[in-house]
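Written below as structure tokens is the structure these notes are about.
In what follows, every chain begins at residue 1, and chains take the letters A, B, ... in the order their sequences are listed.
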Protein chains: 2
Amino acid sequence: MPVKAGERLDPEATRARILKAASEVFTQRGIHATGINEVAEAAGASKLTIYKNFGSKDGLVEAVLTDRTQRVRAWHEQAVEQAAAGRERILAVFDLVASWYAEAGFRGCAMINAATEDRGQDGAPRRLAQDHLSFYRNLFQRLLTETGVCDPETTARQLVIVLEGATIISAVDRDPGLGAEARVIVETLLDAA
Amino acid sequence: MPVKAGERLDPEATRARILKAASEVFTQRGIHATGINEVAEAAGASKLTIYKNFGSKDGLVEAVLTDRTQRVRAWHEQAVEQAAAGRERILAVFDLVASWYAEAGFRGCAMINAATEDRGQDGAPRRLAQDHLSFYRNLFQRLLTETGVCDPETTARQLVIVLEGATIISAVDRDPGLGAEARVIVETLLDAA
DNA sequence: AGAACAGGATACCGATCGGTGTCATCTCGG
DNA sequence: CCGAGATGACACCGATCGGTATCCTGTTCT
């Protein structure tokens with residue numbers, strides 16, 4: 001992908017282009033399985049530019065995951081705000097992931113996948129995956145508190161389990177139907193809470 | 001690990017020793033991140049013996065995962081049989097995984113991890129992971145039918161979601177408490193079913 | 001116009017990868 | 001006691017890895 005004239009010599013655009021290309025190729029083929037050369041080719045950038053911007057492959061991976069978790073969080077915050085108050089806001093999260101499962105090339109949560117590839121190590125991927133899980137826990141806990149659930153913390157942890165279970169199974173089975181199944185579980189858990 | 005005199009020149013024992021060592025090192029460090037040399041060193045075997053027995057690294061990975069899924073299935077079948085009939089048999093599955101989460105060096109489900117590392121590919125790891133999920137679905141469906149649940153298939157799929165969600169979160173967070181949390185969710189779902 | 005800089009292309013480095021070949025050693029059946 | 005098979009130790013292969021250096025083009029600013 002050659003650089004268009006208009007966006008040339010814009011360091012921020014170059015960095016964003018590399019991030020986007022790296023995110024896509026990491027998602028599709030895995031992080032360990034993807035070489036820097038592939039990222040460079042997919043981004044239409046040279047290895048030099050990648051290393052100038054991110055220092056190392058680990059630095060690139062951390063930047064990709066950080067960018068990814070921030071985008072996902074923003075999507076969820078926005079979806080929640082647009083939903084009617086109460087239980088609908090919680091279900092909006094699962095409607096959002098249901099549409100995510102249905103996207104072509106869906107391969108699961110980037111942070112969980114990276115932490116899984118890196119298992120045994122205590123590097124940035126695992127830390128970012130834990131932070132990502134904490135985001136979901138805190139989001140659910142806030143929404144559950146607003147709806148007046150008696151034990152928001154426990155129920156929030158339950159919803160994260162359902163969310164991540166549906167995500168990993170949807171990725172392995174390539175089955176977008178897990179979104180609807182997760183929603184049913186969530187309604188049951190909310191009824192019981 | 002040098003070979004003990006008694007087990008020398010026993011091809012089956014050698015093969016089993018390689019499988020066990022490979023399973024451990026793959027689990028702890030990841031499959032892509034582990035070279036054949038590491039497996040050979042961990043097994044006290046030579047690369048020649050590994051390739052004589054398994055043909056290729058992919059063949060070794062497939063053999064390790066096949067062995068693993070069979071062992072896990074046997075553990076679950078046994079745990080279920082030893083539990084009292086009815087709901088206890090379903091909960092026995094989650095008690096078993098709870099003790100699994102508490103093991104030192106727990107890193108999640110080998111099949112799901114391998115499929116995640118291999119994402120985008122349609123090789124043996126993903127197929128074995130799908131088969132592993134099917135095993136859980138079929139097991140739960142059988143037990144739910146025995147307890148007289150009205151829609152065993154749907155509830156079985158729900159239980160698999162909870163099981164895999166708890167597993168992946170327990171692995172990422174290194175938190176064995178997910179076993180108890182999963183059990184609570186299961187009881188709620190069984191009450192509602 | 002010219003300095004400064006971003007960036008693409010390419011070659012290169014040492015290390016490691018999956019995989020093969022060679023050879024000595026060990027055990028065991030005959 | 002000897003040959004066959006299994007195994008470990010080790011050297012080696014081409015490919016690819018992460019990472020660096022070189023060279024040149026094209027843009028932007030002064």
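In this structure a side-chain-to-backbone donor-acceptor pair under 3.5 Å is missing from E117(A) to G30(A). Using modelled atom types, one side-chain atom of R119(A) and one backbone atom of F26(B) make a donor-acceptor pair closer than 3.5 Å. Distance alone, capped at 3.5 Å, is enough to place a donor-acceptor pair between the T27(B) side chain and the S23(B) backbone.
At whole-Å resolution of the value, NZ in K52(A) and P in dG8(C) are 12 Å apart. Between E41(A) atom CD and dG18(D) atom P there is a gap of 14 Å when expressed in whole angstrom units. Atom-to-atom, CD1 of I50(B) to P of dA6(D) comes out at 17 Å; the value is rounded to the nearest Å.
Taking the six-membered ring for Trp and thresholds of 30 and 60 degrees, F135(A) and H76(A) have ring planes inclined between 30 and 60 degrees apart.
Applying the salt bridge (Lys or Arg N to Asp or Glu O under 4.0 Å) test to every pair with at least one member in residues 132-141 of chain A, sequence neighbours left out, gives these pairs: R137(A)-D173(B).
At least one side-chain nitrogen or oxygen of T49(B) sits closer than 4.0 Å to the OP1 or OP2 atom of dG8(D). At least one side-chain nitrogen or oxygen of R17(B) sits closer than 4.0 Å to the OP1 or OP2 atom of dG8(D).
Taking the six-membered ring for Trp and the full ring otherwise, the centers of F94(A) and Y101(A) sit at least 6.0 Å from each other.
Below the 3.5 angstrom threshold, one finds a donor paired with an acceptor across the side chain of S46(B) and the base of dG8(D).
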Determine, for nucleotides 14-20 of chain C in 5'-to-3' order, which nucleotides have protein heavy atoms under 4.0 Å from the base (write B), from only the sugar-phosphate (write S), or from neither (write -). ---SBBB

